[in-house]
Amino acid sequence: MTPLAETRVHVALGDRAYDVLIGRGLIGRAGDLIAPLLRRPRVAILTDETVAGLHLAPLQAALSAAGITSSALTLPAGEATKSWDHLGRAVNWLLAEKIERRDVVIALGGGVIGDLAGFAAAILRRGVRFVQLPTSLLAQVDSSVGGKTGINSPHGKNLIGAFHQPSLVLADIDVLASLPPRDFLAGYGEVVKYGLLGDAAFFEWLEANGPALRDDPALLQHAVAHSVAMKAGIVERDETEQGERALLNLGHTFCHALESATGYSARLLHGEGVAIGCALAFDLSARMGLCPQEDPSRVAAHLSAMGMKARIADIAGDLPDDAALIALMGQDKKVVDGRLRFVLARGIGQAFVSDDVQRTDLAAVLAASR
Ligand code: GLY
């Protein structure tokens, strides 16, 4: 293994402050890294079937080497696990395991497990601490940091939940090697988002280095750490999304409509929808005269160079018409007083929130992306 010091990002949230460590071999060191948090040498792990097969035994061995006993509940992999049923199962299992108020729950998995385990920890005995061990690129750069936890409802994604910050996040970049290329690229959609929303120099860096990221741990660590540092800054300034944190939703109004239209199925992964949504947000911004005309082409060119979906036309199969997609956007959590809210941009790295979008511009942008 190439020696590479881990990067530490501190999320300064007063009495809810915590560190995110980004580096190689962190699962193998998890026992020593988690031990300082524990009041007794015992933890409960929530994970999923896919991740358990790859990373549960090494994690439990590392905990055991540090004298920490652990038990694990393995849930089915996939978005459907973010449900009342599985939440109830997880909470009742934690109670049956006699996890106490001062204990720590470990979330070992991608965004689904992180969100569900975080919510279970938030409501168990009115709140226990939890540690995130994110195993997908998307979870490492986005969902494991910032304390959004929850489950889905038949009415929409993430509509039931709580803000509950983790006590530690260990982003082991070695685990990303086991991701299927499509999942890796979907996570990369969230990495690009950071450059597009607030850091043009990072976007330029991604244009130059993105294609080599997967095979170069130093580049990958930099990309994850920079994304996490950007997110940490935003969360520190606006923990509960009263303002600036909404910028993290760049591309998401489009994405949520496309995910809903494709039945939250494997036809469109969340990060793929974010990437297409970012491209559409720049199309819309250029059409409204807000950003330079060349910016949307630059965004689309980078997504294409990465081998990613960049347009609605890249989604396989039929989709509802533009009017139906716009109606789906009306279900978005960001709708206020019935007005759609979009994250738009004045240029690459200069995003802002707007509720002043004309339906004709929206329809034109959707039509051009088909
Ligand atoms: N994933 C967006 C946020 O954490 O606010």
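Here, residue 1 is the first one in the sequence, and each next residue gets the next number. Ligands are counted one by one from 1 in listed order, and the atoms in each one are counted from 1 as well.
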Under 3.5 Å, which donor-acceptor pairs do the side chains of residues 48-62 form with other protein atoms, sequence neighbours left out?
residue: D48; atom: OD1; partner: T50; partner atom: N; Å: 3.0
residue: D48; atom: OD1; partner: V51; partner atom: N; Å: 2.8
residue: Q60; atom: NE2; partner: S70; partner atom: OG; Å: 2.9

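- Salt bridge present: R370 and D322 bring a charged side-chain N and a carboxylate O closer than 4.0 Å.
- With no hydrogens or angles considered, a side-chain donor-acceptor pair links T7 and Q221 at under 3.5 Å.
- The two atoms that bring V357 and F342 nearest to each other are CG2-CD1, 3.7 Å, heavy atoms only.
- Outside the 6.0 Å centre-distance limit, the rings of H226 and W205 are not counted as a close aromatic pair.
- Residue-level contacts of ligand 1 at the 4.0 Å heavy-atom threshold are D142, K148, K231, E241, R245, L248.
- Donor-acceptor pairing under 3.5 Å is lacking for the side chains of Q140 and D172.
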